[in-house]
Amino acid sequence: MNLIGNLFRTTIGRKFLMALTGVIMIGFVIGHLVGNLQVFEHPDRINGYAHFLQSLGPTLYAVRLVLLASAVIHIWAGTMLAIEDRQARGEVGYQKNNWLQATLASRYMRWTGYVVLAFLIYHLAQFTWGVAQSPSFKEHLPLYTMGSDYKVLGLTAVKVGTPVLDVHDMVILGFQNPIVAIFYIFAIGLLSLHLLHGAESLFQTFGWRNGRWAGPLRAVVTLGCALYFLGNLAIPGAVLAGYLKTHG
C-alpha cells in the first residue's frame with residue numbers, strides 16, 4: 001500500500017505514473033490509427049473490424065475503463081508536476097533561461113494535452129456516441145451488409161451477410177465537413193507534438209535515455225511522430241481531395 005501511495009504522493013512516483021499511462025495511451029493511438037487506415041480498403045475491412053471490436057462486449061468495456069483511468073491519471077499527474085515545477089523555479093531569470101532552452105513541444109506540453117483531450121471528447125461524441133450532429137450517423141445511415149468474411153488471425157470473426165454499422169461511410173461523411181477535418185488535423189498535429197516530448201520524457205523516466213543514445217532515440221521518436229501525423233492526415237486529406245468517397 002505504501003508503494004502505491006508513494007506513486008501518487010512523490011514527484012518520482014508521479015513521473016512514473018505519467019510514463020506508464022503514456023505507454024498505454026501510445027499503444028492505443030497507434031492501434032487506433034492502424035484500424036482507421038483500413039478505410040482505404042474495401043468497406044468490408046473497416047466495417048468488419050469495427051463490428052468485431054463491438055462484439056468483444058465486456059472485454060471492450062474493460063479496455064475502455066483502463067484507457068479512461070490512464071487518461072485521468074496522466075492528466076492529474078501532469079498537472080501536479082507542472083504545479084510543482086512552477087513552485088520550484090522561483091526566480092524569473094531561471095524561468096527565462098528554461099524557456100529559451102526548452103523545445104517547442106515541451107513548452108506547451110500541458111496545453112497541447114488539454115486541447116487534445118477536448119478533441120478526443122468531440123471525436124468520441126461524433127463517431128462513437130453519435131451525439132455530435134443531428135441526425136447522428138448511427139441513426140441516419142442504413143446498416144451495411146458484409147460482402148465477405150472478416151477474419152482475425154485466420155479465424156472468421158464476422159461472417160458474410162452480417163448487417164453491421166457502416167463505419168466506412170461514417171468516417172467519410174464526418175470529414176466531408178471542412179471545419180471538422182481542419183480541427184482534426186490541427187488536433188492531431190498537437191497530439192504529435194505531445195507524443196514527441198512525451199516519448200522522450202518516457203525514455204528518460206525509465207532510464208533508457210543517456211548521452212550515447214539520446215540523439216538516435218530522438219531521431220527515431222521524431223520519425224515515428226511524423227509518420228503518425230502523416231498517417232492521420234491522410235484520412236481527412238483524402239476525403240477533402242475527393243479520393244475517399246462513400247461506397248453508396
Side-chain angles (χ1 to χ4, degrees), residues 24-71 119-181 183-185 187-188 191 224 227-248:
I24 293 172
M25 291 188 290
I26 287 173
F28 167 72
V29 297
I30 292 174
H32 186 261
L33 172 60
V34 171
N36 284 349
L37 287 175
Q38 294 178 95
V39 74
F40 288 100
E41 301 180 54
H42 190 278
D44 278 355
R45 292 292 300 172
I46 193 168
N47 288 343
Y49 167 74
H51 187 76
F52 165 70
L53 291 182
Q54 290 296 327
S55 69
L56 294 177
T59 302
L60 178 61
Y61 284 104
V63 171
R64 286 174 173 173
L65 284 175
V66 170
L67 289 171
L68 177 61
S70 297
F119 156 73
L120 289 176
I121 292 173
Y122 175 80
H123 194 58
L124 286 170
Q126 182 183 28
F127 292 115
T128 302
W129 305 326
V131 297
Q133 65 282 313
S134 182
S136 72
F137 294 143
K138 291 186 177 181
E139 295 172 350
H140 179 66
L141 287 175
L143 293 177
Y144 174 85
T145 302
M146 293 290 292
S148 61
D149 290 341
Y150 178 79
K151 296 184 178 182
V152 177
L153 300 176
L155 301 175
T156 299
V158 184
K159 293 183 178 180
V160 60
T162 302
V164 299
L165 289 175
D166 196 350
V167 175
H168 179 272
D169 280 10
M170 286 184 195
V171 172
I172 293 173
L173 290 172
F175 288 133
Q176 283 180 349
N177 183 331
I179 296 177
V180 172
F183 179 51
Y184 177 87
I185 294 170
I188 288 297
L191 176 56
L227 291 175
Y228 176 77
F229 174 73
L230 293 174
N232 279 284
L233 172 66
I235 301 173
V239 173
L240 292 178
Y243 177 77
L244 269 180
K245 300 179 181 178
T246 59
H247 59 78

S.K.: Which pair of heavy atoms, one from Pro163 and one from Leu143, lies closest together, and at what distance?
M.R.: CB-CD1, 4.0 Å

S.K.: Can you confirm whether Val171 sits close enough to Asn36 that some side-chain heavy atom of one is under 4.5 Å from a side-chain heavy atom of the other?
M.R.: no

S.K.: Can you tell if the side chain of Phe40 reaches within under 4.5 Å of the side chain of Ile235, non-hydrogen atoms only?
M.R.: yes

S.K.: To the nearest 0.5 Å, how far apart are NZ in Lys151 and CZ in Phe52?
M.R.: 14.5 Å

S.K.: Under the side-chain contact (heavy atoms from CB on, under 4.5 Å) rule, what do Met170 and Leu165 come out as? Steps first, then yes or no, please.
M.R.: CA-CA 9 Å; Met170 286 184 195; Leu165 289 175; 4.0 Å; yes

S.K.: Looking at every heavy atom in both Tyr184 and Pro236, which two are closest together, and how far apart are they?
M.R.: CD2-CG, 3.6 Å

S.K.: So do Val158 and Val164 actually touch side chain to side chain, heavy atoms under 4.5 Å?
M.R.: yes

S.K.: Does the side chain of Tyr228 come within less than 4.5 Å of Val29's, by heavy atoms?
M.R.: yes

S.K.: Could you tell me which non-hydrogen atom of Asp44 sits nearest to which non-hydrogen atom of Met146, and how far apart they are?
M.R.: O-CE, 3.5 Å

S.K.: Less than 4.5 Å apart, side chain to side chain, heavy atoms only: is that true for Leu191 and Ile188?
M.R.: yes

S.K.: What's the shortest heavy-atom distance between Val167 and Ala50, and which atoms?
M.R.: CG2-CB, 3.4 Å

S.K.: With side-chain contact (heavy atoms from CB on, under 4.5 Å) as the criterion, how do Asn232 and Leu33 come out once you've worked through the C-alpha distance, each side chain's angles and the decisive distance to 0.1 Å?
M.R.: CA-CA 7 Å; Asn232 279 284; Leu33 172 60; 3.7 Å; yes

S.K.: Supply the atom-to-atom distance Ser70 OG to Leu65 CG, rounded to the nearest 0.5 angstrom.
M.R.: 10.5 Å

S.K.: Output every pair passing ring pair (Phe, Tyr, Trp, His ring centres under 6.0 Å) with a member in residues 144-169, not counting sequence neighbours, ordered by first then second residue.
M.R.: Tyr144-His247, His168-His247

S.K.: Can you name the residues that form a side-chain hydrogen bond (donor to acceptor under 3.5 Å, both in side chains) with Glu41, not counting sequence neighbours?
M.R.: Arg45

S.K.: If you round to the nearest 0.5 Å, how far is CD1 of Ile30 from CG of Leu227?
M.R.: 10.5 Å

S.K.: How close do Leu240 and Phe175 get, heavy atom to heavy atom, and via which atoms?
M.R.: CD2-O, 3.5 Å

S.K.: Report yes if some heavy atom in the side chain of Leu173 is under 4.5 Å from a heavy atom in the side chain of Leu141; otherwise report no.
M.R.: yes

S.K.: Which value, rounded to the nearest 0.5 Å, describes the distance between Asp169 atom CG and Gln176 atom CD?
M.R.: 9.0 Å

S.K.: Minimum heavy-atom separation for Leu37 to Gly231, with atom names?
M.R.: CD2-O, 3.6 Å

S.K.: What I'd like to find out is whether the side chain of Val39 reaches to under 4.5 Å of the side chain of Leu244, using heavy atoms alone.
M.R.: yes

